[in-house]
Amino acid sequence: MVLEKPILIDCRDHLHGRLCSVVAKELLAGQKIILVRCEEMVISGSLVRNQTKYAQFRNKRMNTNPSRGPFHFKSPARMVWRTIRGMVHQKTARGAAAIGRLSTFEGIPHPYDKMKRKVIPAALRVVRLKPGRRYTKMGDLANNVGWKHKELVDRLEDKRRAKSEVYFQKKKASAALAAKAEEAAAGDLAKVNEVLSAAGY
């Protein structure tokens, strides 16, 4: 990727570690990145296995005063943020600046639902994980370790999907009308098109 305006990545069905490593590299290069639908990201391995691993992770705490950390986030967006933080060397100025360029969200909140979203082919589950292998959705894991907003995010996502479906049908209808109009005017435009093509358009 070349540096450009903020890149919006849809995390649905991406493998957690692979996506995070690509994002970390881009952040360090100076790219701003927004991750949406973090709850749809997947981790290889069954839910039980990942729950056990997370339980072991939650057990790591400061012996004398646990409120000082390490902090164990329960929401998928913060889990992803924390993973990337560990990949950018955040105790240096460069790493701190890099993690400052990252935003993570559950679902697709307002300004981003109307923007073009991208995927990272190198991190897609269908490309990287052998068919038949088990995997866990981040949303399910988070829900099982104490995240309380799964139902709310699902409800808002259903509303957003319904709205985007209406928009898509409108767009398809207008595209069909435009194609029909071009077809109808093809005879009249033949000479004009010849002139344009000769001029290199």
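All of these numbers come straight from a predicted model, not from anything done at the bench.
Contact check for I33 versus R101: no side-chain heavy atoms found under the 4.5 Å cut-off. Taking the side chain as every heavy atom from C-beta outward, L19 and L15 never approach each other to under 4.5 Å. The closest side-chain heavy-atom distance from V80 to M41 is below 4.5 Å. For the pair Y135/I43, no side-chain contact is recorded, criterion being any heavy-atom separation below 4.5 Å from C-beta on. H14 has its side chain within reach of I120: a pair of non-hydrogen atoms, C-beta onward, lies under 4.5 Å apart. The side-chain heavy atoms of H16 and M138, taken from C-beta on, include a pair separated by under 4.5 Å. Contact of the T136 side chain with the V42 side chain is not registered, since no non-hydrogen atoms from C-beta on lie closer than 4.5 Å. Within the 4.5 Å cutoff, side-chain heavy atoms of I84 are placed close to those of L27.
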Inset, instruction - Any chance you could lay out the salt bridge (charged side-chain N to carboxylate O under 4.0 Å, His left out) test for D10 and R37, step after step, and finish with the verdict? - result: CA-CA 6 Å; D10 186 353; R37 286 214 278 192; 2.7 Å; yes
Legend entry - Test side chain to side chain contact (heavy atoms under 4.5 Å, CB included) applied to V166 and K163, step by step: CA-CA 5 Å; V166 170; K163 277 170 73 176; 5.9 Å; no
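Here the CD atom belonging to E106 is positioned 10.5 Å from the SG atom belonging to C11, to the nearest 0.5 angstrom. The CD atom of Q31 sits 3.5 Å away from atom CD1 of I7, with the distance rounded to the nearest 0.5 Å. Taking CD1 of I9 as the start and SG of C38 as the end, the distance is 10.0 Å to the nearest 0.5 Å. The CG atom of D154 lies 7.5 Å from the CZ atom of R161; values are rounded to the nearest 0.5 Å.
Not counting sequence neighbours, S44 has no partner by the side chain to side chain donor-acceptor pair (under 3.5 Å) test. With sequence neighbours excluded, the residues that form a side-chain contact (heavy atoms from CB on, under 4.5 Å) with V127 are L124. Every residue two or more places apart in sequence or in another chain that forms a side-chain contact (heavy atoms from CB on, under 4.5 Å) with L196 is listed here: V192, N193, Y201.
Hydrophobic clustering, with ILVMFWY side chains joined whenever heavy atoms are under 4.5 angstrom apart, groups V23 together with M79.
Applying the side-chain hydrogen bond (donor to acceptor under 3.5 Å, both in side chains) definition to pairs two or more places apart or across chains, those involving residues 167-185 are E165-Q169. Among residue pairs with one or both ends in residues 66-91, none qualify as salt bridge (Lys or Arg N to Asp or Glu O under 4.0 Å); sequence neighbours excluded. Every pair passing ring-ring contact (aromatic ring centres under 6.0 Å, His included) that includes a residue from residues 74-128 is listed here, sequence neighbours excluded: F105-Y112. Among residue pairs with one or both ends in residues 47-67, none qualify as salt bridge (Lys or Arg N to Asp or Glu O under 4.0 Å); sequence neighbours excluded. Evaluation of the ring-ring contact (aromatic ring centres under 6.0 Å, His included) test over residues 33-68, restricted to residues two or more places apart or in two chains, returns Y54-F57, F57-H72. Here salt bridge (Lys or Arg N to Asp or Glu O under 4.0 Å) pairs that include residues 128-145, with residues two or more places apart or in two chains, are E40-K137, D140-K150.
With hydrogens and angles disregarded, no donor-acceptor distance shorter than 3.5 Å links the side chain of Q90 to the backbone of I99. Side chain of E39 to main chain of G107: a donor-acceptor pair is present (N/O by atom type, distance under 3.5 Å, no hydrogens or angles). For N50 (side chain) and L141 (main-chain N/O), no donor-acceptor pair under 3.5 Å exists by modelled atom type.
Members clustered with F71: none, using a 4.5 Å side-chain heavy-atom cutoff among hydrophobic residues. Think of M87 as one node in a network of Ile, Leu, Val, Met, Phe, Trp and Tyr side chains linked at under 4.5 Å; it has no links at all. Its side chain within the 4.5 Å cluster rule, V153 clusters with W147 among the Ile, Leu, Val, Met, Phe, Trp and Tyr residues.
Closest of all the heavy-atom pairs between I108 and E157 is N-OE2, 3.1 Å. Minimum heavy-atom separation, L28 to G95: CD2-CA, 4.5 Å.
At most 12 heavy atoms of other shown residues, nucleotides or ligands fall within 6.0 angstrom of atom CZ in R12.
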